[in-house]
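Contents: one structure, followed by commentary.
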Amino acid sequence: FLPGFPRTLGQAKALDGICELDLVISLNIPFETLKDRLSARWVHPASGRVYNMDFNPPQTQGVDDVTGEPLVQREDDRPEAVAARLRKYKDAAKPVMELYRSRGILHSFSGTETNKIWPYVYALLSSRIPPVLPDEEH
């Protein structure tokens, strides 16, 4: 299980030298959805606590819930930077997706909400990975 990896064809080829993948999951989320979510992310630098202004906002706008100190938006989470990052990722990831598609191991899921995508991902994983049984059932 390697979330977010490989992101480039070079990384995929290097990974081939270490192990053989039998399942790759791609989550296709609309560009605007990703941009909006990443751009809504603010952090408390000292602790690393992360807030999302849309679905996990701080109790008081702009300040950390625990310390009351100001939150900051990382440079790479600003809307312009997010758009550039997403374009770069899409260009780099396309050959990786094609490689895994050609091997028949790529499974893609599309949507905008985790609770709607997850049941399909879970069903796929459940069909491929045997359940872990408690010790007394072995």
Side-chain angles (χ1 to χ4, degrees):
F1 184 70
L2 305 169
F5 184 83
R7 292 181 183 221
T8 67
L9 195 52
Q11 290 175 349
K13 290 181 178 181
L15 186 58
D16 281 345
I18 299 171
C19 65
E20 182 179 337
L21 299 180
D22 58 359
L23 175 67
V24 175
I25 296 173
S26 173
L27 301 177
N28 301 316
I29 301 163
F31 180 88
E32 284 302 315
T33 300
L34 291 172
K35 189 175 97 171
D36 291 347
R37 285 187 188 166
L38 292 172
S39 297
R41 184 167 56 182
W42 289 72
V43 298
H44 177 247
S47 68
R49 277 184 288 279
V50 178
Y51 297 89
N52 185 292
M53 297 307 156
D54 295 332
F55 59 85
N56 180 36
Q59 294 171 0
T60 303
Q61 186 173 354
V63 298
D64 180 57
D65 288 347
V66 177
T67 66
E69 296 171 337
L71 300 175
V72 299
Q73 187 174 47
R74 297 180 345 194
E75 286 296 322
D76 62 345
D77 284 341
R78 296 187 188 279
E80 326 69 62
V82 168
R85 282 171 46 208
L86 291 173
R87 281 191 296 275
K88 184 177 178 182
Y89 171 77
K90 183 179 178 183
D91 291 343
K94 186 175 181 178
V96 176
M97 296 298 112
E98 291 302 322
L99 172 69
Y100 294 137
R101 186 175 289 111
S102 73
R103 293 181 182 175
I105 60 172
L106 180 67
H107 298 266
S108 295
F109 300 91
S110 298
T112 59
E113 298 175 43
T114 303
N115 62 344
K116 291 184 179 177
I117 297 173
W118 175 245
Y120 298 102
V121 174
Y122 182 80
L124 172 66
L125 293 174
S126 296
S127 73
R128 297 291 193 89
I129 301 170
V132 178
L133 301 174
D135 288 338
E136 61 271 1
E137 292 184 31
H138 288 283

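Glu98 places no side-chain N or O within 3.5 Å of a backbone atom of Lys94 that could act as its donor or acceptor partner. Not a single donor-acceptor pair under 3.5 Å links the side chain of Thr60 to the backbone N or O of Val63. The backbone N or O of Ile105 sits nowhere less than 3.5 Å from a side-chain atom of Asp22 that would complete a donor-acceptor pair. For the pair Gln73 (side chain) and Ser39 (backbone), a donor-acceptor distance under 3.5 Å is present.
The other residues sharing a hydrophobic cluster with Val43 are Val50, Val72, where clustering joins ILVMFWY side chains under 4.5 Å apart.
When every heavy atom of Leu99 is checked against every heavy atom of Leu9, the shortest pair comes out as CD2-CD1, 4.1 Å. Closest approach of Pro45 and Pro70 over heavy atoms only: CD-O, 4.2 Å. The two residues Gly62 and Pro58 have their closest heavy-atom pair at N-CG, 4.0 Å. For Tyr100 against Ala12, the heavy-atom pair with the smallest separation is OH-CB, 3.5 Å. Heavy atoms only, all atoms of each residue included: Ile117 and Thr112 are closest at CD1-N, 4.3 Å.
Annotation: side-chain hydrogen bond (donor to acceptor under 3.5 Å, both in side chains) contacts of Asp36 (sequence neighbours excluded): none. Remark: Asp16 engages Arg103 in a salt bridge (charged side-chain N to carboxylate O under 4.0 Å, His left out) (not counting sequence neighbours).
In this structure, Phe55 is not a member of the same hydrophobic cluster as Trp118, with clusters built from ILVMFWY side-chain heavy atoms closer than 4.5 Å. Linking Ile, Leu, Val, Met, Phe, Trp and Tyr residues whenever their side-chain heavy atoms come within less than 4.5 Å leaves Tyr89 and Phe5 in two separate clusters.
Interatomic distance, CZ of Arg74 versus CG of Leu38, reported as 8.5 Å (0.5 Å rounding).
Using a 4.5 Å heavy-atom threshold, the side chains of Lys88 and Asp91 count as separate. Put simply, the side chain of Leu23 reaches to within 4.5 Å of the side chain of Leu124, judged on heavy atoms. Residues Met97 and Ser26 meet the side-chain proximity criterion, which asks for heavy atoms closer than 4.5 Å. Residues Glu80 and Glu75 fail the side-chain proximity criterion, which asks for heavy atoms closer than 4.5 Å. Side-chain contact check for Arg37 versus Asp54: every heavy-atom pair is 4.5 Å or farther apart. Looking at Trp42 and Asn52, their side chains never come closer than 4.5 Å, going by heavy atoms from C-beta outward. Counting heavy atoms from C-beta on, the side chains of Asn28 and Phe109 never come closer than 4.5 Å.
Under the 4.0 Å criterion applied to side-chain N and carboxylate O atoms, Asp77 and Lys35 are not assigned as salt-bridge partners.
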Kindly determine whether Arg41 and Met53 satisfy side-chain contact (heavy atoms from CB on, under 4.5 Å), including the steps that lead there. CA-CA 7 Å; Arg41 184 167 56 182; Met53 297 307 156; over 6 Å; no
Test side-chain contact (heavy atoms from CB on, under 4.5 Å) applied to Leu21 and Cys19, step by step: CA-CA 6 Å; Leu21 299 180; Cys19 65; 4.1 Å; yes
Between Arg128 and Leu125, does a side-chain contact (heavy atoms from CB on, under 4.5 Å) hold up when you go through it step by step? CA-CA 5 Å; Arg128 297 291 193 89; Leu125 293 174; 5.8 Å; no
Show your reasoning for whether side-chain contact (heavy atoms from CB on, under 4.5 Å) applies to Glu69 and His44. CA-CA 8 Å; Glu69 296 171 337; His44 177 247; 2.5 Å; yes
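For Phe31, the CZ atom counts as densely surrounded, since its 6.0 Å shell holds more than 12 non-hydrogen atoms of other residues, nucleotides or ligands. Atom CZ of Arg7 has 12 or fewer heavy atoms from other residues, nucleotides or ligands within 6.0 Å.
When each of Asp65, Asp64, Asn56 is checked for a side-chain hydrogen bond (donor to acceptor under 3.5 Å, both in side chains) with Arg49, only Asp64 meets the rule.
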